[in-house]
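Computed from a predicted model, the values in this text were never measured in an experiment.
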2 protein chains.
Amino acid sequence: MSQPQLSRALLQNLGMFRNLPDADLDSILQHARVCRLQEGDAAFLQGEDAAEFFVLLSGRLKVVQVTPEGEQIIVRHVNPGDIFGMAKAMSRRQYPASTVAVQESLALAWPAAAWDTLVSRSPQFAAGAIQTVGQRLQDAHSRIRELSTEEVEQRVARALLRLVESSSTQTLEGQEIDFPITRQEIAEMTGTTLHTVSRLLSAWKNDGIILSGRRRITVCSVDKLAQLARAEPPATPNAN
Amino acid sequence: MSQPQLSRALLQNLGMFRNLPDADLDSILQHARVCRLQEGDAAFLQGEDAAEFFVLLSGRLKVVQVTPEGEQIIVRHVNPGDIFGMAKAMSRRQYPASTVAVQESLALAWPAAAWDTLVSRSPQFAAGAIQTVGQRLQDAHSRIRELSTEEVEQRVARALLRLVESSSTQTLEGQEIDFPITRQEIAEMTGTTLHTVSRLLSAWKNDGIILSGRRRITVCSVDKLAQLARAEPPATPNAN
DNA sequence: CGTCCCGTTGATCCCTATCAAATGTAGTGG
DNA sequence: CCACTACATTTGATAGGGATCAACGGGACG
């Protein structure tokens, strides 16, 4: 089991691992398993026994729930540096969702038991975990608020903005989303259908707000998109 | 400042406070402030500085967010034994929502600083907090899934079932929800309008599934309601 | 006994899901 | 290098679930 050299540098800037002494970090790294994922591979599946928790080093994952009726929704995306699969830490037996790579990814995995060790060894780690979960709870509440009160157009606009925010690259034309994404997936993020998403994106493409190809989206005008996300701009923004 | 006698018994069965030595519990109780709330009173308001966290001893609260446009949504209800207002523990400066009594209530409040003391004194306390927040995150994801994929009727049915589950009393006619609740509030829980809720409840009343008066709801047939929550029963459930 | 809320019920409209094809685009294997 | 296949996207037509607009009725409380 000769692990590749895992550097402390991987973890020590990762929020929850901050404030841990180097010795602890080293010991933690020794128990880590490296987890390589090709696009489409799952780190784990909904309902599986929550045996491990993970940190994403590189790439991008989506967290997916399937409803009893077989529909999918995307709960969130996992970015490099994020912890995921903390089910056991929340005292869940099984993972409540599947986590799937949307591009080639690299993660570290630890046996769930290691969690308790970490928490008891460092109150800061526990505090970091609470903060992380708390942030996700905030995000979830935001989405609930949006799903409850906003129209599809605003929700889709907001979803794009979040993607730009969390993982996009500046290009000549604008901010390009770093990983391949389909209309179907955007629909699963916003509680609508791929048809409606397609129509919206087509309209926005006509207005020069975005560019898009197969599984690629570039946001040209973040401002106009933010405008749309706020509210329906009254067709005539006042001759002013 | 002669506090009423606060018994350890109030806390020691409260999940997060379990596993704390009696001496610690006593010391914790000494720093608690008693917080009495009349119906309609707020423990704190959205946007206020998160100076305290709370435990509800008796009564019932609702956690409410207002959107930029002034619409309200009910994030969750707080039941006796629940912790609320943990914003500071999640490193939020301000409370992200208001918390308002829907009936006369009694709570304990601690200065936010006490949180860190608790976490560092007891890893179990930290673990309990993570579990609590994790459970709420699960619940939030369930709601997102429902808002994304289900129809209004199912969502309202499910909301009623949850209320029955968490705070109802068996009466002659069925399970009566313990606190006053309006159609408007149910609408705010389910992302719809009071009109639609009223229509649904009227229909269900006709079918003998519920009884309702002003701000009062009794569920007579939990089974039929669960049926409705699952899916639209095809008008003819098959002559079987 | 009047006023304030809360609840009920019509009528109408419109956003968006659904149904149905056609077109485009990558990848594959011959 | 091209035909073939699988998957993504686009676009039209249609229908329907709920929101919205508008009144009215009824119980509680001062």
Visitor: Between the opening five pairs and the closing five pairs of the helix from C/dC1-D/dG30 to C/dG30-D/dC1, how far apart are the helix axes, to 10°?
Guide: 40°

Visitor: Not counting sequence neighbours, which residues clear side chain to side chain contact (heavy atoms under 4.5 Å, CB included) with B/A51? List them please.
Guide: none

Visitor: Under the rule for side chain to side chain contact (heavy atoms under 4.5 Å, CB included), what residues qualify as partners of A/A97, not counting sequence neighbours?
Guide: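 Scan of A/A97 (side chain to side chain contact (heavy atoms under 4.5 Å, CB included), adjacent residues dropped) gives A/V63, A/Q65.
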
Visitor: Output all residues satisfying side chain to side chain contact (heavy atoms under 4.5 Å, CB included) with B/A203, sequence neighbours left out; order by chain, then residue number.
Guide: none

Visitor: Which residue pairs pass the salt bridge (charged side-chain N to carboxylate O under 4.0 Å, His left out) test when at least one of the two sits in residues 157-168 of chain B, sequence neighbours left out?
Guide: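 Counting only pairs at least two positions apart or across chains, the salt bridge (charged side-chain N to carboxylate O under 4.0 Å, His left out) contacts touching residues 157-168 of chain B are B/E146-B/R158, B/E146-B/R162, B/E150-B/R158.
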
Visitor: To the nearest Å, how far apart are A/R215 CZ and D/dT10 P?
Guide: 14 Å

Visitor: For A/S198, answer base if it contacts any base atom (sugar-phosphate contacts may also be present), sugar-phosphate if it contacts only those atoms, and nothing otherwise; contact means non-hydrogen atoms under 4.0 Å.
Guide: base

Visitor: With sequence neighbours excluded, what pairs up with A/T149 under the side chain to side chain contact (heavy atoms under 4.5 Å, CB included) test?
Guide: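 With sequence neighbours excluded, A/T149 shows a side chain to side chain contact (heavy atoms under 4.5 Å, CB included) to A/R145, B/T67, B/E71, B/I73, given in chain and number order.
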
Visitor: Tabulate protein N/O versus nucleotide N/O from nucleotides 12-15 of chain D, keeping only pairs under 3.5 Å, one per line.
Guide:
from, atom 1, to, atom 2, distance (Å)
D/dG12, N7, A/R199, NH1, 3.1
D/dG12, O6, A/R199, NH2, 3.1
D/dA13, N6, A/R199, NH2, 3.3

Visitor: Expected output is a numbered-order residue list: members of residues 175-188 of chain A with a heavy atom under 4.0 Å from any atom of DNA chain C. What is it?
Guide: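 Contacts with DNA chain C under 4.0 Å: none.
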
Visitor: Scan nucleotides 22-27 of chain C nucleotide by nucleotide, 5' to 3', and note B when protein non-hydrogen atoms come under 4.0 Å of the base, S if they reach only the sugar-phosphate, - if neither.
Guide: --BBS-

Visitor: Provide the full list of salt bridge (charged side-chain N to carboxylate O under 4.0 Å, His left out) pairs with a residue in residues 171-181 of chain B, sequence neighbours left out, each pair given once.
Guide: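 For residues 171-181 of chain B, and leaving out neighbouring residues, the salt bridge (charged side-chain N to carboxylate O under 4.0 Å, His left out) pairs sorted by first residue read B/R60-B/D178, B/E176-B/R216.
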
Visitor: Does anything in residues 94-108 of chain A form a side-chain hydrogen bond (donor to acceptor under 3.5 Å, both in side chains)? List the pairs, not counting sequence neighbours.
Guide: none

Visitor: Salt bridge (charged side-chain N to carboxylate O under 4.0 Å, His left out): which pairs involve residues 183-197 of chain A, sequence neighbours left out?
Guide: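 As it turns out, the salt bridge (charged side-chain N to carboxylate O under 4.0 Å, His left out) pairs with a partner in residues 183-197 of chain A, which skip direct neighbours, are A/K62-A/E185.
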
